[in-house]
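Written below as structure tokens is the structure these notes are about.
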Amino acid sequence: MKNRGIVKLIFLYMSLILGATLILAPVVWMLSTSLKDPSHLFDFPPQWIPNPVRWDNYPTALNTMNFAITFRNTVYVTFMEMLGSTVSSLLVAYGFARMRFPGKNFLFMLVLATMMLPGQVTMVPKFILFRILGWVDTFNPLWVPAFFGRPFFIFLLNQFFLTIPKELDEAARIDGCGSFRILTRILLPQLKPALAALTIFGFMGAWNEFMNPLIYINSQAKWTLVLALNAFQSPLEPGAPVTHLIMAASLVVALPCMIVFLLAQKYFIEGVVFSGMKG
Amino acid sequence: MKKITSGLLVLLLSLSLSIAFSAEQQTITFTFWGNPQMADAFQKLAAMFEKENPNIKVDTILIPSKYYDKLLTMIAGGTAPDLAMLAFDKLPEFVEKGTLLPIDSYVEKLNYPKADLFKVVIDSFSYKGKLYGLPRSFSPFVLFYNKDLFKTAGLKYPDKSWTWSEFLTAARKTTKTAGGKTVQWGFAGNYEEKGTFYPEWLFPFVWQNKGDIVTADGKSLLTSPNTVEAIKFYIDLIHKHKAAPTPAQAQTFGGSDALFYSGKAAMIMESYVLVASARTQKGLNFDVAPLPHRKARATVAFPIGYVIPKGAKNPDIAAKFMAFIGGPEGQKVIAELGVGLPGLMSIAKTDAFLQPGQPPEHSYVVIEEAGYARPLPADTPNYIQWYDALTQGLAPVLTGSKTLDEVLPQLNSKIEEILRQR
């Protein structure tokens, strides 16, 4: 019996290690390429351990992309967009899940319908709107819309609200809570895993957002990290190879995403356990 | 006293007037793609231009990626730049959409040295008899070769006298096999990093044999003898002589350029811009030669230039700036960047472009080849569609799963059908 447990464990670890290797190989390759001398980029068979190791690729890459400025811009836009989309979507979803008002179903369908529209269709009309507002080449088009709710978040939160028993609300209301206090005191603590998921989605989405900054931002002083990352080499024109710099920059840009994921993971897993109804 | 006061007043008045005039600054915007060095070059050029024209300000906008998506959005959204960089193959599409201004009158008014332009540049930026752009640079295909591999094989370096047969002999002699597997090819073929083959590489061969694929008036010549012979010559290099890699072989090495960089291929036909990155490859001892010829000399080129969108707010100033960066001063700065041949012949012949002392030793070859260069047939009807069909139709021939004779009739009727859709 004990033997079988060990075999099972070995099998489990083997498959986990295999899976992790498959997934980590590209990251290791990135790391390796980011430290290579440009003359060894096309070596065959390829070098896994760079020789010579070029640590200076990192400062070169970061300087090329004006890291201090682009990083600050990205943090600002990401923070505002996350704040806006979470708060507004929470309020809207709460309304849809808990309030009763005429036309509710129709409005909810309408919100969902906006998700079906491909971004390319709304690109030009949106651009014209923001031009009339005078917002081209400012950060506003990147984060202000987030304060008007994000359909995907609204949908997700709505589904989460529906899993929380209405009796909780009713009990709170008998104790004298208003609608807003029910949300903040009673429901919000139950929503932690959902909010953690939204944080990850929101962060990744805003951090890696490409099309909107590309369309609305003109001056290089307002570039986000992703724009700067794309500027190393134009696909329209080959030049001296800069793959090593692109890899170095990509790793640095991806790092915050990994950190956020690791931090939010705790709540994420709590969500699987399903909190709230334990006692 | 009165005189002095009035004199002072006049002085004050004229002063304030001149302030008012100089304060009336006009701004133009200029969009382009490129790497950080390109951005630096254009910022430098903008500063030079602003110094000569103190009341003009040039906003340079580097678009890091998806250039045409953003450019079209800007034009459609009513914030068209005053000047935009454009590759010649997009010109017909942009003109047909009514988004570009013809510039013939500006070229005349501004005394632009049009006679100094390479013919291929004028051809590529003209559409239906009107000129729409001035050149940044263009990059004709030349033959790059690895001097060391030629020396090892005991071969003479390629030169102007080379025809297809000398090319084939050299390609076969520089091909090496070990244990039944090819370890070095004479000719790297023309594959992108992922092993994709684009038929644009075929055009020089077809034209050298006095063939063509689609004519300007929309006729397919795909099955004409000269054309078939040229395509067959190319395919035979891969499958019959095994002197060039198949797509799968090229892919394992990361494409043709990588094959050449790593010394696994003795020759490659590539646009002259390859020089910039070939120089960074340590241990690569290379030079350039004209493409081999047969019935004629021919090569293909990809000109890039500047155009004025129709929605430009200041087309007059934009034209002035265009004539500046597309003129001798601007072309000199571009020439030093190594992004291709300047469009003005007089600048191409300067050391700024030829860069003696650095490989390739025979850099002037590209100037001679430019005289034989033709643009891709982007102005033929339904160019994108028939080009796509050609790419897909030839793919099984390159991999070797079908022969050329098997696919040609069907491919030809498909292209003819595409050409009929107007």
Side-chain angles (χ1 to χ4, degrees), chain A residues 37-46 52 60-61 63-66 70 119-120 123-132 134-137 210-220 222-246, chain B residues 29 31-39 43 59-70 72-79 81 85 87 90 137 139 193 252-255 257-264 270-271 273-284 302 304 337-340:
Chain A
D37 189 83
S39 64
H40 290 295
L41 288 174
F42 297 101
D43 281 8
F44 196 89
T60 312
N63 282 336
T64 313
M65 64 195 294
N66 265 332
T70 42
Q120 291 89 327
M123 203 161 79
V124 172
K126 255 170 66 191
F127 185 86
I128 294 174
L129 173 75
F130 287 126
R131 193 202 75 209
I132 294 169
W135 283 1
V136 171
D137 205 22
F210 170 65
M211 211 58 201
N212 278 330
L214 177 77
I215 298 286
Y216 294 112
I217 301 296
N218 289 338
S219 22
Q220 277 192 57
K222 292 187 181 123
W223 273 10
T224 58
L225 285 172
V226 176
L227 290 188
L229 198 56
N230 272 284
F232 275 95
Q233 193 158 34
S234 176
L236 292 169
E237 199 150 35
V242 287
T243 323
H244 53 301
L245 297 181
I246 295 177
Chain B
T29 51
T31 55
F32 60 99
W33 69 78
N35 53 20
Q37 292 89 302
M38 181 83 73
Q43 257 154 29
D59 261 349
T60 55
I61 302 178
L62 167 60
I63 299 180
S65 182
K66 300 244 176 196
Y67 181 78
Y68 294 109
D69 287 353
K70 167 135 182 169
L72 283 172
T73 311
M74 287 175 89
I75 292 173
T79 57
M85 201 152 99
K90 291 281 174 184
S137 58
S139 27
E193 280 165 39
T252 49
F253 289 92
D257 293 356
L259 271 168
F260 183 71
Y261 293 152
S262 58
K264 303 270 177 230
E270 255 288 10
S271 80
V273 292
L274 193 77
V275 165
S277 63
R279 277 180 189 159
T280 66
Q281 301 301 315
K282 283 190 193 117
L284 177 66
F302 304 85
I304 290 163
L337 278 181
V339 291

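Numbers restart at 1 for each chain; the letters A, B, ... are given by sequence-line order, proteins then strands. Predicted model only: the values in this text are computed from it and were never measured.
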Roughly how far, to the nearest 0.5 Å, is the NE2 atom of A:His40 from the OG atom of B:Ser262? 12.5 Å

Given A:Asn218 and B:Lys70, is the side chain to side chain contact (heavy atoms under 4.5 Å, CB included) satisfied, shown in steps? CA-CA 10 Å; A:Asn218 289 338; B:Lys70 167 135 182 169; 2.7 Å; yes

Partners meeting side-chain contact (heavy atoms from CB on, under 4.5 Å) with B:Gln37 (sequence neighbours left out): B:Asn35, B:Leu337

Okay, B:Ala278 and chain A: the region with an atom under 4.5 Å from a heavy atom over there is neither

Under the side-chain hydrogen bond (donor to acceptor under 3.5 Å, both in side chains) rule, collect the residues that match up with B:Lys264, sequence neighbours excluded. none

Nearest-0.5 Å distance that lies between atom CG in A:Asp137 and atom OG1 in B:Thr79: 10.0 Å

Return the option, out of A:Leu214, A:Val226, A:Leu229, with the maximum number of heavy-atom pairs under 4.5 Å with chain B. A:Leu214

Heavy-atom cut-off 4.5 Å, strictly under: side chain, backbone, both or neither for B:Thr29 against chain A? neither

Region of B:Ala87 that comes under 4.5 Å of a non-hydrogen atom in chain A: neither

Interface moiety of B:Met38 toward chain A, non-hydrogen atoms closer than 4.5 Å: side chain

Find out whether A:Gln220 and B:Gln43 are in side-chain contact, i.e. whether some heavy atom of one side chain is under 4.5 Å from a heavy atom of the other. yes

CG of A:Leu41 to OG of B:Ser277: how many Å apart, nearest 0.5 Å? 10.5 Å

Could you go through the side chain to side chain contact (heavy atoms under 4.5 Å, CB included) check for A:Ile215 and B:Lys66 one step at a time? CA-CA 10 Å; A:Ile215 298 286; B:Lys66 300 244 176 196; over 6 Å; no

Atom pair CG/CG of A:Leu227 and B:Leu62 - distance to nearest 0.5 Å: 9.5 Å

